[in-house]
Undergrad: 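The structure follows.
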Amino acid sequence: MQNNYLKLLGLHVIIGVLVYLFRPLGQVYFYGVVSYFILKIISTKPQLKGFQIVSACAYIVGAEVIFRMTNSGPFYEASKYLIILFCVIGLFYQGFSKKATSYLLYLLLLIPSIYVSLYVLDIGQNIRKAIAFNLSGPVCLGVAALFCYNLKLTKTQLGSMLNYAVYPLVSTLVYVIAYNPNVAAVSNSTGSNFAASGGFGPNQMSTVLGLGFFIMTIRFFYFSKTKLIRYLDLLFILLFAFRAIVTFSRGGVLTAIIMILAFVVILYNHTSKMQKRNLLFSLIGFLVIGLVTWLISASQTNGLIEKRYANQNAMGIEKSDVTTGRGELFLAEFDEFLEHPFLGVGVGRVKDLRFQKTGIHAASHNEMSRIIAEHGLLGMIAFTILLLVPLFFRLQNRSNVLFFSFYLFWLLTINHSAMRIAAPAFIYALSLLYIIDDTPSLHRKQINKAQ
């Protein structure tokens, strides 16, 4: 397994370099990945299909941003639709737990506002595109949650599934480094830095690099077994954290840190005294790497990153709004809910209405305010389902040591990046996994659903 991990990491480093040097290879990469996983899912033994499907989805989540950066795939939202497709295949083979029917209700609650949009939107607009863009993320979440609810994986399979996510994230990291190896040369303000983000959106890049930072940290504390692998994981922790920080988009970094804190607290409370001592030694090493990463980041950004996290501009003057204007957008969307409380303003209409009223095209990037503004009370019920069902699931099943990390990733990410990428949708679904011991006697039960 160690040799396989090293080989696949090396392969994805090469993929990152090649895709950067020759962007059309991104298309080859995309269709190669899709073909590989479809064939793999179809040919896998029934008892391993669940694991194979979540692994395929995890890989797509990790690869989504590099696909978007290189304009690979048939359309921008293709990754979300692939995850939906893979999970539907899984539901066809395995069905879903009766306890997951609340997610069917969640999906049904999204439908009425589609008709509101069809009735209200200007016929000259691309209605299908507006609706599909705004619903692809929520539908991806609902279908993935239906499939993952009480899906049984072993601890080893959980680690392998996270590896599938991190491989393409390594390719993304390499692409970003190749695009801009000299961060100091492009650090001249405290605003989000597109050049340091590989020429792509800093918010999305920060989110996925932060996810890579988190997964490598989980590997270091929980899955890595040899010194070589642990040292390699520490190196990638430094690289992922550094490149996430220098995007100057704080959401992905802070989310990753909170996820790691949640994981360490849960892990510490579930280990023996001997394991606690080892965990503390590992934590010291991790904190040292964290300090080094921050010092490098401060040096490479000419001290600007410190001002960014202190909510100051390049002159050192404190900004009046720590949310960079998103708080006002949130309140504006809440006002739309108050004006249209029952069915909302319709899918995809919040941004359009804001432009009509203010002449400004701006998105709050907040899924909480968007869903209630566009779906009204039905949206509020839908969001309540998303918020509470995993917590009730956790009361009955405490097997997943990563539950709170996955749940918090979704909750925090939708508040700074909405559901523009597939990551919060699918990782939310991972909080619903049932993790079992790696014992032969349970091998046959690992993908059966509790009815």
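We use all heavy atoms of the structure for the numbers below, so side chains are in, but hydrogens, waters and symmetry mates are not. Worth saying up front: this structure is predicted, and the values here are computed from it rather than measured.
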Undergrad: Roughly how far, to the nearest 0.5 Å, is OG of S171 from CG of L11?
TA: 7.5 Å

Undergrad: By salt bridge (Lys or Arg N to Asp or Glu O under 4.0 Å), which residues pair with R68, not counting sequence neighbours?
TA: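 E64, E77.
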
Undergrad: Output all residues satisfying side chain to side chain contact (heavy atoms under 4.5 Å, CB included) with N397, sequence neighbours left out; order by chain, then residue number.
TA: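 Only N150, F393, S399, Y434 meet the side chain to side chain contact (heavy atoms under 4.5 Å, CB included) criterion with N397.
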
Undergrad: What residues, two or more places apart in sequence or in another chain, satisfy side chain to side chain donor-acceptor pair (under 3.5 Å) together with T70?
TA: S72

Undergrad: Verify, without hydrogens or angle tests, whether Y164 (side chain) and C57 (backbone) share a donor-acceptor contact under 3.5 angstrom.
TA: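 Looks like no, no N/O pair under 3.5 Å.
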
Undergrad: Keeping the roles fixed (side chain from T154, backbone from Q157), state whether a donor-acceptor pair exists under 3.5 Å.
TA: yes

Undergrad: Parallel, tilted or perpendicular: which one describes the rings of H12 and Y29, with boundaries at 30° and 60°?
TA: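 H12 and Y29: perpendicular rings.
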
Undergrad: Applying side chain to side chain contact (heavy atoms under 4.5 Å, CB included), can you list everything that pairs with I258, at least two apart in sequence or on another chain?
TA: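 Listed in chain order: L408, L412.
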
Undergrad: Nearest 0.5 Å, please: how far is CD1 in I218 from OG in S224?
TA: 10.5 Å

Undergrad: Counting C-beta onward and ignoring hydrogens, is there a side-chain heavy-atom pair between H270 and V401 closer than 4.5 Å?
TA: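 No, their side chains stay 4.5 Å or more apart.
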
Undergrad: Should F213 and R243 be marked as a side-chain contact (heavy atoms from CB on, under 4.5 Å) after you check the CA-CA gap, both sets of side-chain angles, and the distance that decides it?
TA: CA-CA 10 Å; F213 169 34; R243 295 305 306 210; over 6 Å; no

Undergrad: Listed by chain and number, what are the side chain to side chain contact (heavy atoms under 4.5 Å, CB included) partners of L39, not counting sequence neighbours?
TA: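 L39: no side chain to side chain contact (heavy atoms under 4.5 Å, CB included) contacts found.
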
Undergrad: Side chain of K40, backbone of A56: donor and acceptor closer than 3.5 Å?
TA: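 Absent.
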
Undergrad: Any side-chain heavy-atom pair from V34 and L82 closer than 4.5 angstrom?
TA: yes

Undergrad: List the residues meeting ring pair (Phe, Tyr, Trp, His ring centres under 6.0 Å) with F404, not counting sequence neighbours, and say none if there are none.
TA: none

Undergrad: Going through the checks in order, is the ring-ring contact (aromatic ring centres under 6.0 Å, His included) test met by F286 and F221?
TA: CA-CA 9 Å; F286 173 76; F221 280 111; 5.6 Å; yes

Undergrad: Would you check if P74 and Y31 make a side-chain contact, meaning some heavy-atom pair closer than 4.5 Å?
TA: yes

Undergrad: Please give me the minimum heavy-atom distance between L304 and S189, naming the atom from each residue.
TA: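 Scanning both residues, the minimum pair turns out to be CD1-N, 3.5 Å.
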
Undergrad: Take F263 and T217 through the side-chain contact (heavy atoms from CB on, under 4.5 Å) test and state the conclusion after the steps.
TA: CA-CA 10 Å; F263 166 74; T217 301; 5.7 Å; no

Undergrad: Work out which heavy atom in L110 is nearest to a heavy atom in H375; give both atom names and the distance.
TA: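 In terms of heavy atoms, the two residues are closest at O-CE1, 3.5 Å.
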
Undergrad: Closest approach of V65 and M205, non-hydrogen atoms and distance?
TA: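 Scanning both residues completely, I find the closest heavy atoms to be CG1-CE, 3.7 Å.
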
Undergrad: So does N71 get a backbone contact from the side chain of Q27, meaning a donor-acceptor N/O pair under 3.5 Å?
TA: yes

Undergrad: Quick one: pull up CZ in F248 and OG in S197 and give me the separation to the nearest 0.5 Å.
TA: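 It comes to 10.0 Å.
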
Undergrad: Run the side chain to side chain contact (heavy atoms under 4.5 Å, CB included) test against F194 and tell me which residues pass, sequence neighbours left out.
TA: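 Per chain and number, F194 pairs via side chain to side chain contact (heavy atoms under 4.5 Å, CB included) with P202.
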
Undergrad: Heavy-atom distance under 4.5 Å between the side chains of N193 and V183, does that happen here?
TA: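 When only atoms from C-beta onward are counted, V183 and N193 do not touch, as no gap falls below 4.5 Å.
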
Undergrad: Could you tell me how the ring of Y167 sits relative to the ring of Y5: parallel (under 30°), tilted (30 to 60°) or perpendicular (over 60°)?
TA: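 It falls in the tilted class, 30° to 60°.
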
Undergrad: Dump the intermediate steps for side-chain contact (heavy atoms from CB on, under 4.5 Å) on L169 and V208, then the final yes or no.
TA: CA-CA 7 Å; L169 288 172; V208 296; 3.9 Å; yes

Undergrad: Using the side-chain hydrogen bond (donor to acceptor under 3.5 Å, both in side chains) definition, which of the options T413, T207, N203 pairs with R420?
TA: N203

Undergrad: Look only at the side chain of S431 and the backbone of Y428, and say whether a donor-acceptor pair between them is shorter than 3.5 Å.
TA: yes

Undergrad: Please examine the side chains of L433 and L430, heavy atoms only from C-beta on, and report whether any two atoms are closer than 4.5 Å.
TA: yes

Undergrad: Considering only distance and modelled atom types, tabulate donor-acceptor pairs under 3.5 Å from the side chains of residues 383-390, sequence neighbours left out.
TA:
| unit_1 | atom_1 | unit_2 | atom_2 | d |
| --- | --- | --- | --- | --- |
| T384 | OG1 | M380 | O | 2.8 |

Undergrad: Kindly confirm or rule out a cation-pi arrangement of K99 over F392, judged by NZ or CZ under 6.0 Å from the six-membered ring centre and within 45° of its axis?
TA: no

Undergrad: Hey, could you give me the CE/CZ distance between M259 and F406, rounded to the nearest 0.5 Å?
TA: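 It comes to 7.0 Å.
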
Undergrad: Count the heavy atoms belonging to other residues, nucleotides or ligands that lie under 6.0 Å from CZ of F92, then report whether that count exceeds 12.
TA: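 Atom CZ in F92 is not crowded, with 12 or fewer foreign heavy atoms closer than 6.0 Å.
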
Undergrad: Please report, to 0.1 Å, the donor-acceptor pairs under 3.5 Å made by any side chain of residues 172-179, with sequence neighbours excluded.
TA:
| unit_1 | atom_1 | unit_2 | atom_2 | d |
| --- | --- | --- | --- | --- |
| T172 | OG1 | P168 | O | 3.0 |
| Y175 | OH | R23 | NH1 | 3.0 |

Undergrad: When rounded to the nearest 0.5 angstrom, what is the spacing between NZ in K307 and CG in N313?
TA: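 Going from the NZ atom of K307 to the CG atom of N313 covers 8.0 Å.
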
Undergrad: List for me each residue that meets side chain to side chain donor-acceptor pair (under 3.5 Å) alongside N163, sequence neighbours excluded, and say none if there are none.
TA: R219

Undergrad: Which pair of heavy atoms, one from F220 and one from D233, lies closest together, and at what distance?
TA: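 In this case the closest contact between F220 and D233 is N-OD2, 4.0 Å.
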
Undergrad: Evaluate the side-chain proximity of L9 to F236: yes if any heavy-atom separation is below 4.5 Å, no if none is.
TA: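 When only atoms from C-beta onward are counted, L9 and F236 do touch, with a gap below 4.5 Å.
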
Undergrad: Run L108 and I111 through side-chain contact (heavy atoms from CB on, under 4.5 Å) and show every step you take.
TA: CA-CA 6 Å; L108 292 173; I111 295 175; 4.0 Å; yes

Undergrad: Can you list the residues that meet the side chain to side chain donor-acceptor pair (under 3.5 Å) rule with Y407, with sequence neighbours excluded?
TA: none

Undergrad: Within a strict 4.5 Å, meaning less than it, do heavy atoms of the Q52 and I89 side chains meet?
TA: no

Undergrad: What I'd like to find out is whether the side chain of F409 reaches to under 4.5 Å of the side chain of L402, using heavy atoms alone.
TA: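 Not touching, per the 4.5 Å side-chain cut-off.
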
Undergrad: Determine the minimum heavy-atom distance between P112 and L378, stating which atoms define it.
TA: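 Residues P112 and L378, closest heavy atoms: CG-CD1, 3.5 Å.
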
Undergrad: Return the set of residues passing side chain to side chain donor-acceptor pair (under 3.5 Å) with S79 (not counting sequence neighbours), or none when no residue passes.
TA: none

Undergrad: Are any side-chain N or O atoms of K49 and backbone N or O atoms of I42, one a donor and one an acceptor, separated by less than 3.5 Å?
TA: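 Yes.
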
Undergrad: Provide the closest heavy-atom pair for V170 versus M216 in the form atom of the first, atom of the second, distance.
TA: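 Reported closest heavy-atom pair: CG2-CE, 4.3 Å.
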
Undergrad: Between atom CG of L25 and atom CZ of F30, what is the distance when rounded to the nearest 0.5 Å?
TA: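 Rounded to the nearest 0.5 Å, the CG-CZ separation comes to 15.0 Å.
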
